[in-house]
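Since we're looking at a predicted model, the values are computed, not measured. For the numbers below, each heavy atom of this structure counts, side chains included, while hydrogens, waters and symmetry mates do not.
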Amino acid sequence: MIIGVMGPEGSYSERAAKLWAQKNSLKDAEFRYFADIEDAFLAAVKGDADISVIPVENSIEGSVGVTLDLLHENEAVIIGEIVVKIEHCLLSKGGPEKIRVILSHPQGLAQCRHFLKRHFPEAELRSTGSTSHAARLAGEFEEMAAIASPEAADRYGLKILLSNIQDRKENHTRFIIIRAGNKISPEQTMGAAGVEGESALESCRGAEPESRPETAKEKVYQSACKTSLIVYLEKDRPGALYELLGAFAKRGINLTKIESRPSKKELGDYYFYIDFEGHTSDALIKDALKDIKSKAGTKSKANTLKVLGSYPAFRDFI
């Protein structure tokens, strides 16, 4: 089993990948490191990795735009997710008084924006492909520092000058696990590692969805599964989004996320990314998807409804 991650070693993507591999008993997994999110994503699509672990959203900075675009543009299937606590540290060879340049991934810099403005207003901020890449570069000069993980400090021989420097105490990143969309099934992917596919994926299919009464007329659909999809709606049709949300609401299906993303065709034209509880094999979900498809854009538009996958929903923060 080859798992693609954004590298080099010591990245939060590596931490997420190792946790997911441990959780799914992939003891002999090999980690292959790539320069950035796009390269790691395409590694799974092109077969350079069996699966890839990709950041998709952060609790401070929101969704990772490049990941959303890659999901739309490529044939990839989401087979799992994991949420990792982010503990940014300021790392350097020298002391704080010597720091002139601070390096990190754009998300890392953004998540520590107020800290940097308050403590290092004169420092030059430089973006890198990953937090671990920043740590590796910071090891070259005492005037450089990196915002990265504690693991990166150990890996590149840097001192932790300050810990937990992110602007919000609660800082988590959600990672998705993807495979090629039209090659092999999740069970075959996991089976290649010599692991029972269903148990390794903690399959939620077959688990009875729970319903609990909210009012005399409403019920809330609860499931161990999550499904992700992309929907295109005609921009000039009044009430289109309202009707889309109604397809979920009238069936009591819980949406866990909805977000718009520009289609890049013209101003005001959007795709909607939606996560909700349930599996595509569930009768209620099948009915909802059929309803949504009838409300999506015209047949002349490509990918008016794209199901990205159904997978076990992550339950506990790490």
Requested in this report: Taking the side chain as every heavy atom from C-beta outward, state whether Met1 and Ile51 have any pair of such atoms under 4.5 Å apart.
Outcome: yes
Report task. State, with a plain yes or no, whether a side-chain heavy atom of Thr280 is found less than 4.5 Å away from one of Leu289. Result -> yes
**Report entry** Sequence-distant partners of Lys98, side chain to side chain donor-acceptor pair (under 3.5 Å), two or more places apart
**Finding:** Glu142
Query raised in the report: Can you check whether Gly95's main-chain N or O pairs, donor with acceptor, with Ser92's side chain at less than 3.5 Å?
Result: no
**Report entry** Ala44 to Ser52 - nearest heavy-atom pair and separation
**Finding:** CB-OG, 3.5 Å
Query raised in the report: Do side-chain atoms of Lys306 reach the backbone of Leu71 as a donor and acceptor pair under 3.5 angstrom?
Result: yes
Query raised in the report: After noting the C-alpha distance and the side-chain angles of Glu124 and Arg100, does the key distance pass the salt bridge (charged side-chain N to carboxylate O under 4.0 Å, His left out) rule?
Result: CA-CA 6 Å; Glu124 178 187 349; Arg100 299 292 179 268; over 6 Å; no
Query raised in the report: Say you draw a straight line from CD1 of Ile37 to CG of Leu70; how long is it, rounded to the nearest 0.5 Å?
Result: 8.5 Å
Query raised in the report: Under 3.5 Å, is there a donor-acceptor pair between the side chain of Tyr273 and the main chain of Leu229?
Result: no
Query raised in the report: Is Lys18 positioned over the aromatic face of Tyr12, cation under 6.0 angstrom from the ring centre and no more than 45 degrees off axis?
Result: no
Query - From CA spacing to verdict: side-chain contact (heavy atoms from CB on, under 4.5 Å), Leu109, Leu116 - result: CA-CA 8 Å; Leu109 294 172; Leu116 293 171; 4.1 Å; yes
Query raised in the report: Can you hop from Ile86 to Phe115 via hydrophobic side chains spaced under 4.5 Å?
Result: no
Query raised in the report: Side chains of Val231 and Ile292: closer than 4.5 Å at any heavy-atom pair?
Result: yes
Query raised in the report: If every non-hydrogen atom of Ala76 is compared with every non-hydrogen atom of Phe41, which pair is closest and at what distance?
Result: CB-CZ, 3.7 Å
Report summary line: One should read off an interatomic distance between Ile253 CD1 and Leu245 CG, to the nearest 0.5 angstrom, of 12.0 Å
Report task. Test side-chain contact (heavy atoms from CB on, under 4.5 Å) on Phe248 and Ile274 and set out the steps. Result -> CA-CA 11 Å; Phe248 294 103; Ile274 301 173; 4.2 Å; yes
**Report entry** Within-4.5 Å side-chain heavy-atom neighbours: Ile147 and Ile165
**Finding:** yes
**Report entry** side-chain hydrogen bond (donor to acceptor under 3.5 Å, both in side chains) partners of residues 54-68, not counting sequence neighbours, each pair once
**Finding:** Glu57-Arg174, Asn58-Gln111, Asn58-Asn171, Asn58-Thr173, Ser63-Lys257, Ser63-Glu259
Query - Qualifying residues under ring pair (Phe, Tyr, Trp, His ring centres under 6.0 Å), relative to Tyr156, sequence neighbours excluded - result: none
Query - N-O pairing of Asp269 and Lys264 below 4.0 Å - result: no
**Report entry** Under 3.5 Å: donor-acceptor pair, side chain of Asp167, backbone of His114
**Finding:** yes
Report task. Classify the side-chain pair Ser11/Ser13 by whether it contains a donor and acceptor separated by less than 3.5 Å. Result -> no
Report task. Specify the closest pair of heavy atoms between Ser132 and Gly7, including all atoms of both residues, with the distance to one decimal. Result -> OG-C, 3.4 Å
Query raised in the report: Is the shortest distance from a Lys or Arg side-chain nitrogen in Asp287 or Arg251 to a carboxylate oxygen in the other one below 4.0 Å?
Result: yes
Query raised in the report: In terms of hydrophobic clusters joined by side-chain contacts under 4.5 Å, are Ile79 and Val5 together?
Result: yes
Query - Side-chain (Lys85) to main-chain (His172) donor-acceptor, under 3.5 angstrom - result: no
**Report entry** side-chain contact (heavy atoms from CB on, under 4.5 Å) between Met144 and Leu103, worked out
**Finding:** CA-CA 7 Å; Met144 286 186 170; Leu103 311 161; 3.9 Å; yes
Query raised in the report: Is it true that atom NZ of Lys117 has more than 12 heavy atoms of other residues, nucleotides or ligands lying nearer than 6.0 Å?
Result: no
Query - Spacing of CG belonging to Asn164 relative to SG belonging to Cys89, to within rounding of 0.5 Å - result: 6.5 Å
Requested in this report: Evaluate the side-chain proximity of Leu42 to Asn74: yes if any heavy-atom separation is below 4.5 Å, no if none is.
Outcome: yes
**Report entry** Straight-line distance of His119 NE2 to Ile99 CD1, nearest 0.5 Å
**Finding:** 11.5 Å
**Report entry** Closest non-hydrogen atom pair, Leu158 against Gly139
**Finding:** CD2-CA, 3.7 Å
Query raised in the report: Does the side chain of Ile258 come within less than 4.5 Å of Leu241's, by heavy atoms?
Result: yes
Query raised in the report: Going from OH on Tyr33 to OG on Ser130, what distance comes out if it is rounded to the nearest 0.5 angstrom?
Result: 11.0 Å
Report task. State whether the number of non-hydrogen atoms from other residues, nucleotides or ligands found under 6.0 Å of Glu122 atom CD is greater than 12. Result -> no
Report task. Identify whether the distance between the nearest side-chain nitrogen and carboxylate oxygen of Lys226 and Glu277 falls below 4.0 Å. Result -> no
Requested in this report: For Thr227 and Tyr311, run side-chain contact (heavy atoms from CB on, under 4.5 Å): C-alpha distance rounded to whole Å, both residues' side-chain angles, the deciding distance at 0.1 Å, then the answer.
Outcome: CA-CA 6 Å; Thr227 295; Tyr311 48 92; over 6 Å; no
Requested in this report: Heavy atoms only: give me the nearest Glu87-Arg15 pair and the separation to one decimal.
Outcome: OE1-NH1, 3.4 Å
Query raised in the report: Any sub-3.5 Å donor-acceptor pair from Thr131's side-chain atoms to His105's backbone N or O?
Result: no
Query raised in the report: Which heavy atom of Gln166 sits nearest a heavy atom of Cys112, and at what distance?
Result: CA-SG, 3.8 Å
Query raised in the report: Can you tell me if Ser149 uses its side chain to pair, donor with acceptor, with the backbone of Gly10 under 3.5 Å?
Result: yes
Query raised in the report: Would you say the side chains of Asp275 and Ser228 form a donor-acceptor pair under 3.5 Å?
Result: yes
Report task. Measure the CG-CZ distance between Leu125 and Phe120 for me, rounded to the nearest 0.5 Å. Result -> 10.5 Å
Query raised in the report: Cluster question for you: counting only ILVMFWY and a side-chain heavy-atom cut-off of under 4.5 Å, with indirect links fine, are Ile285 and Leu255 together?
Result: yes
Requested in this report: For the pair Asp69 and Arg261, find out whether any cationic side-chain nitrogen is under 4.0 Å from an anionic carboxylate oxygen.
Outcome: yes
Query raised in the report: Would Val83 and Ile177 show up in the same hydrophobic cluster when neighbours are defined by side-chain heavy atoms closer than 4.5 Å?
Result: yes
Query raised in the report: Among the clusters formed by ILVMFWY side chains lying less than 4.5 Å apart, do Val64 and Ile60 turn up in the same one?
Result: no
